[in-house]
Amino acid sequence: MENRIRMFDSPQILAMNLAEEFKKEVSQSKDNFYLAISGGSTPKIFFKELAKTPFKEEVAWLHLQIFWCDERCVPPDDSDSNYGMTKENLLDHIRISAENIHRIKGEAHPEKEAVYYSKEIDKLLPKAKNNFPQFDWVLLGIGADGHTASLFPNSELLYSCSNIAGVAEHPVTGQKRISLTEKIINNSKRISFIVTGKDKANILSEIIKGDHKNYPAARIKPAEGTLDWWLDKEAAFYL
Ligand code: 6PG
């Protein structure tokens, strides 16, 4: 497994470089490009960059099939919604058709929506050699507790590796979430962690240096694809 670390002086410079990489990756695809994105605050600066010239004009948006790594079980107009954040900072500013946007319906019954979302992914995505759906690129964040997507430490979903998506519960707030599982994430062609800020320096050091305590983010190891890290210097402080 390839493990590449890219470090930048600031989140803004990271976002500009990642936007260039994103444009290159998507433009290289001859057909649909299957992307899964995360929510939270880190991706916002990246989405804002993509929503600006030249990326809003130059990225091959029509190739893109956008999915989410996870979603909070709230309506799309709720301030907590990952889809809502993406819509505000990116989707409302680019030319992409509604059919290419595969949001998780946070307002729906969680267990039913997890099944529906799993079926959508299974139906729409190409299969890898293991006959399991394969994303072209999954963009992940890391929580200070080592979670990624909504795969929280010691959570039941973390170990239910047979499905594509399932229902999780935030360990502190109890908020229900729908998340991709480790198995589908690890089946991707490319996985990138985007991590910024000094509050992530400790967890990042533990995970990358290998003395992790089985954190969910440390379990992300693409079976055949590549894994890379996009870090600002604050998050990379202990590396
Ligand atoms: C979510 C994300 C989650 C996020 C991390 C980091 O729905 O919140 O999928 O896994 O990536 O919690 O969040 P920040 O970027 O806000 O630090």
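In each ligand, atom 1 is the first atom listed, and ligand 1 is the first ligand listed. Reckoned from all heavy atoms, side chains included, excluding hydrogens, waters and symmetry mates. What you are looking at is a predicted structure, and each value in this text was computed from that prediction instead of being measured.
- Under the 6.0 Å cut-off for aromatic ring centres, F22 and F46 qualify, their centroids lying closer than that.
- Taking all heavy atoms of G39, A149, G40 into account, the minimum distance to atom 3 (C) of ligand 1 is reached by A149.
- Taking the centre of each ring, F8 and W230 come in below the 6.0 Å mark.
- Remark: minimum distance from atom 6 (C) of ligand 1 to any protein heavy atom is reached at I142 O, 3.4 Å.
- The closest protein non-hydrogen atom to atom 15 (O) of ligand 1 is T42 OG1, 2.6 Å.
- When the ring pair (Phe, Tyr, Trp, His ring centres under 6.0 Å) test is applied to H63, no partner is found at least two apart in sequence or on another chain.
- Contacts with ligand 1 closer than 4.0 Å are made by side-chain heavy atoms of D70 only, the backbone lying farther away.
- A salt bridge is defined here as a Lys NZ or Arg NE, NH1 or NH2 lying under 4.0 Å from an Asp or Glu carboxylate O, and R190 with E224 fails to meet this definition.
- Those atoms of ligand 1 with a heavy atom of R177 less than 4.0 angstrom away are 1 (C), 7 (O), 8 (O).
- Rounded to the nearest 0.5 Å, atoms CE (M85) and CH2 (W68) are 9.5 Å apart.
- The shortest contact between atom 8 (O) of ligand 1 and any protein heavy atom is with R72 NH2, 2.7 Å.
- Considering backbone and side-chain N/O atoms, S150 never comes within less than 3.5 Å of an N/O atom of ligand 1.
- Among all protein heavy atoms, the one lying closest to atom 5 (C) of ligand 1 is H147 NE2, 3.5 Å.
- Counted by atom type alone, E49 and Q12 present one or more donor-acceptor pairs between their side chains at under 3.5 Å.
- Using a 4.0 Å cut-off between a side-chain N of Lys or Arg and a carboxylate O of Asp or Glu, E111 and K176 qualify as a salt bridge.
- Each of the following atoms of ligand 1 lies closer than 4.0 Å to a heavy atom of K200: 6 (C), 14 (P), 17 (O).
- Looking at N82 next to ligand 1, an N or O pair under 3.5 Å apart turns up.
- Proximity of Y117 to K119: side-chain heavy atoms (C-beta onward) are nowhere separated by under 4.5 Å.
- Taking every non-hydrogen atom of G141 and a distance limit under 4.0 Å, the qualifying atoms of ligand 1 come out as 11 (O).
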